[in-house]
*Asks:* 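To start, I am sharing the structure in question, which I have written as structure tokens.
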Amino acid sequence: MADVATATVLFDAAGMKAIGAGLAVGLTGLASAIAEKEIGTAAIGAMAENEALFGKGLILTVIPETIVIFGLVVALLIS
Amino acid sequence: MLKPRQMSRVLVVGHKGILEGTVNALYKTNLFHIEDFIEDESGLKIGKPFGDVDTLSQKLIKIRSIATFLGIKDEACNTQKADAVMQKLNSTLDMLEKDVSSKTEKKVEIESKIKELESLRRDVLPFVGIPLNLDLYRGYESLAAFAGVIKGEVEAEISNITGSYELFSDPKSGSIVLFVPKAYADAVSKSLSGFGYRELKVPDVAGMPSDILSMVESQKESLLKQIESIDSDVIALKSKYLDFIQASNEMLSIETAKSEAPLRIATSESTFLIEGWVPSDSYRALEEEVTRATDGRAFVTQQEIEHKDEPNIPVEYDNPKIVRPLEEIMNLYARPRYKELDPTAIMFLSFPLFYGMILGDIGYALILFILALLVKKMVKSDAVKPIMNILIYCQISTAIFGILYGEFLGFPLASLEVHHGSEVIVQPGLIPGFSTINLFASPFGGEMITYPVHRTHLVMTLIVATALIGLIHINIGYVLGFINENRKHGFSAALLEKGSWLVIEIGILLCALGYANVLPSVMTYAGILIFLIGFVMLLKGEGIKGPVELPSLLSNSLSYTRIIAVGLSSIYIASTINNIVFEMMWPDSFGIMTVFAILVFIFGHALNTVLSIIAPGLHALRLQYVEFFGKFYEGGGRKYNPFGYIRKYTEEK
């Protein structure tokens, strides 16, 4: 029975909220990273050819950043 | 402001006899953007360069290679008289070239010698432990010599094969030298291979290895000294001829540009015809200068700008001096087109505003402000200066928001009462006696709006507030887009493509207010109707692309919540550092831990300072580039690049 008691303490509302918030930031962070990785490499490749593309490259690279920002906002809303 | 400088299309025509005078006059004004002539069916040909361009450019290449060798690049120096430089150009250039090339050759020679010595040293090193003259390793008729590295004791094995052998070994490096009669060479070689024998190359020199090593070292040292003396010669040469080299580089560049100018100009048998662009307000000055230089024999006229010329019109910013640094940020994206609005002045307000809203900390603002001022003072580069000016603008806004938020290096300035259930905890502030004042209740999340604004306790309210700021910013974008579109394609296109978004927004707003019973509920239906009208307008204006873009209205304005999100992450990093230092590490009495804690404090905040440039800067920039520019900006204008040069190192007469 002691186990159930500890479990309830661990999984009380505040704990679950914290886990949820962590997941929201962590998973969206990973998603942004995966998306930005590919765009970033392509953007750097393009910049090596033509340096004037820096502005466009930067924009395209940071577009997926919105994903993690949404994650962060959701995390703030949860906690 | 908000509009690139107005340009006039100018045509200069005259007899070929006055071409050189005309080109000189145009060059002097530094106003005329030459439209390069491309040969077509008109029968006109490109002109022939003046004078001996080949010699000029050869000299230019020489002077530039000398400058590269001496490491001269755009350094401050005294200005020179152009005539004086011209007079001594040939002799000094020859002398310099000889000097520099002999020095280069000598340096290369010495460097290759050093490389040889190093490889000899590598080869000799394994034999250092064996006191045997290297000459004794070779040249035997009946003896076989083995020199190499092995693992383990080999002597017993060898003595089994033959009694007559001579073995030298160095247990430290594992290298051995073994002499056996040639008859036993094969058997010995087999048994050696059982010990992992690896043959070493015996250097082709005579003498004891240790002597050779010390000889190598001393020779290398003297060679290094020679290189040093060449380097100091180079430095002396550089300081002596710095003025001359920079002046002659500048002068030759000018001469080459002038004499190559006819290659960009249309000529017939006896006339020339130069087309180009001049800022309209400087047209008179150009006309006067050309007339004066040619005694009125050249014909200068303004032409009407046709619609098809528009993409070719060079674009020059026309902003007040204070706004000008922001042009760098515009160039990073794309220069505006000629008929387009130039949003630099808007960026001047919104970029530092967003940066400040994100960072909002008096401490970091002060640090970065001082840093930017110092860099601006120390680095005399034209590329760095505008960036530092932008940073300074951003820090001013950061300081203002820092006062609003009451934050200093992550510490709150004012104390705050926090209700934890029935408990009331007072979080202390940095300034004693300064406590937070409650202003009014926020309509969101049951939060209380206070002064100073504690961002960590007003998350919900600030999320909504930043999204609203975003909505306003985006709508400014739509209005600008409307103006642009109106100029380019007329009112109806502007109304359908950009105005439709405003109609849709009004529809959604009415609908939401009606639904929330703020307005009479009939407004809900009116809102839906207006939304549908806007939707149809959008469909007509943008095609199927429009409705697909519709959700971006939501995602774009939510994207502005990054202002609070990134700001919070910066606060948390700062307050974590403060926590570590003052709660966890700070000892009761002064000691080594105190020093350590101070170090953590300094390094932690230094790290966050660097992040404070990158994170808010990039996010503020992105909000401009993606969310704002996406609504109206196209860019891609040609740079206004006048034919001429502002002399830095030389002066005429």
Side-chain angles (χ1 to χ4, degrees), chain A residues 8-9 12-79, chain B residues 328-335 358 420-421 444-445 447 455-464 466-467 470 551-552 554-572 614-615 617-630 633-636 638-639:
Chain A
T8 0
V9 172
D12 68 343
M16 293 302 271
K17 269 182 171 179
I19 291 173
L23 283 176
V25 176
L27 292 178
T28 49
L30 277 178
S32 297
I34 293 167
E36 277 184 25
K37 176 196 86 183
E38 311 239 337
I39 305 171
T41 39
I44 289 189
M47 261 168 65
E49 296 272 327
N50 178 4
E51 243 174 84
L53 289 172
F54 175 79
K56 296 224 163 66
L58 180 76
I59 294 158
L60 290 173
T61 311
V62 297
I63 280 176
E65 197 121 306
T66 315
I67 306 172
V68 69
I69 298 286
F70 287 170
L72 195 58
V73 170
V74 168
L76 291 173
L77 291 180
I78 292 174
S79 58
Chain B
E328 284 305 308
I329 291 187
M330 292 298 303
N331 287 338
L332 210 56
Y333 188 87
R335 195 174 273 260
I358 293 173
H420 244 290
F444 305 103
E447 291 161 338
R455 281 190 281 179
T456 42
H457 292 91
L458 277 169
V459 174
M460 270 310 294
T461 314
L462 285 173
I463 285 178
V464 177
T466 47
S552 75
L554 182 70
S555 68
N556 278 350
S557 44
L558 277 185
S559 180
Y560 283 77
T561 54
R562 75 181 65 230
I563 292 175
I564 170 76
V566 177
L568 278 180
S569 74
S570 160
I571 297 179
Y572 283 130
I614 299 169
L618 270 185
H619 284 283
L621 201 61
R622 176 224 145 95
L623 287 179
Q624 310 290 341
Y625 281 173
V626 182
E627 271 78 15
F628 188 49
F629 280 10
Y633 193 66
E634 215 172 299
R638 263 172 95 198
K639 191 180 173 196

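A, B, ... follow the sequence lines: proteins, then strands. Residue 1 opens every chain.
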*Asks:* Pair up each side-chain donor or acceptor in residues 22-30 of chain A with any protein partner under 3.5 Å, not counting sequence neighbours, and list the distances.
*Replies:*
| from | atom 1 | to | atom 2 | distance (Å) |
| --- | --- | --- | --- | --- |
| A:Thr28 | OG1 | A:Ala24 | O | 2.5 |
| A:Thr28 | OG1 | A:Val25 | O | 3.0 |

*Asks:* Contact part of B:Ile329 toward chain A, heavy-atom cut-off under 4.5 Å: side chain, backbone, both or neither?
*Replies:* neither

*Asks:* Any side-chain heavy atom of B:Thr461 within less than 4.5 Å of one from B:Arg455?
*Replies:*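 Answer no - side chains too far apart.
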
*Asks:* Would you list the atom pairs, donor with acceptor, under 3.5 Å between side chains in residues 39-48 of chain A and any protein atom, with sequence neighbours excluded?
*Replies:*
| from | atom 1 | to | atom 2 | distance (Å) |
| --- | --- | --- | --- | --- |
| A:Thr41 | OG1 | A:Lys37 | O | 3.0 |
| A:Thr41 | OG1 | A:Glu38 | O | 2.8 |

*Asks:* Which answer fits B:Ile463, side chain, backbone, both or neither, if we ask what part of it has an atom under 4.5 Å from a heavy atom of chain A?
*Replies:* side chain

*Asks:* What part of B:Ile564 gets closer than 4.5 Å to chain A, counting heavy atoms only: side chain, backbone, both or neither?
*Replies:* neither

*Asks:* Please confirm whether B:Phe628 and B:Tyr633 have ring centers closer than 6.0 angstrom.
*Replies:* no

*Asks:* Go through the atoms of B:Ser555 and report whether side chain, backbone, both or neither lie under 4.5 Å from a heavy atom of chain A.
*Replies:*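 Both backbone and side chain.
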
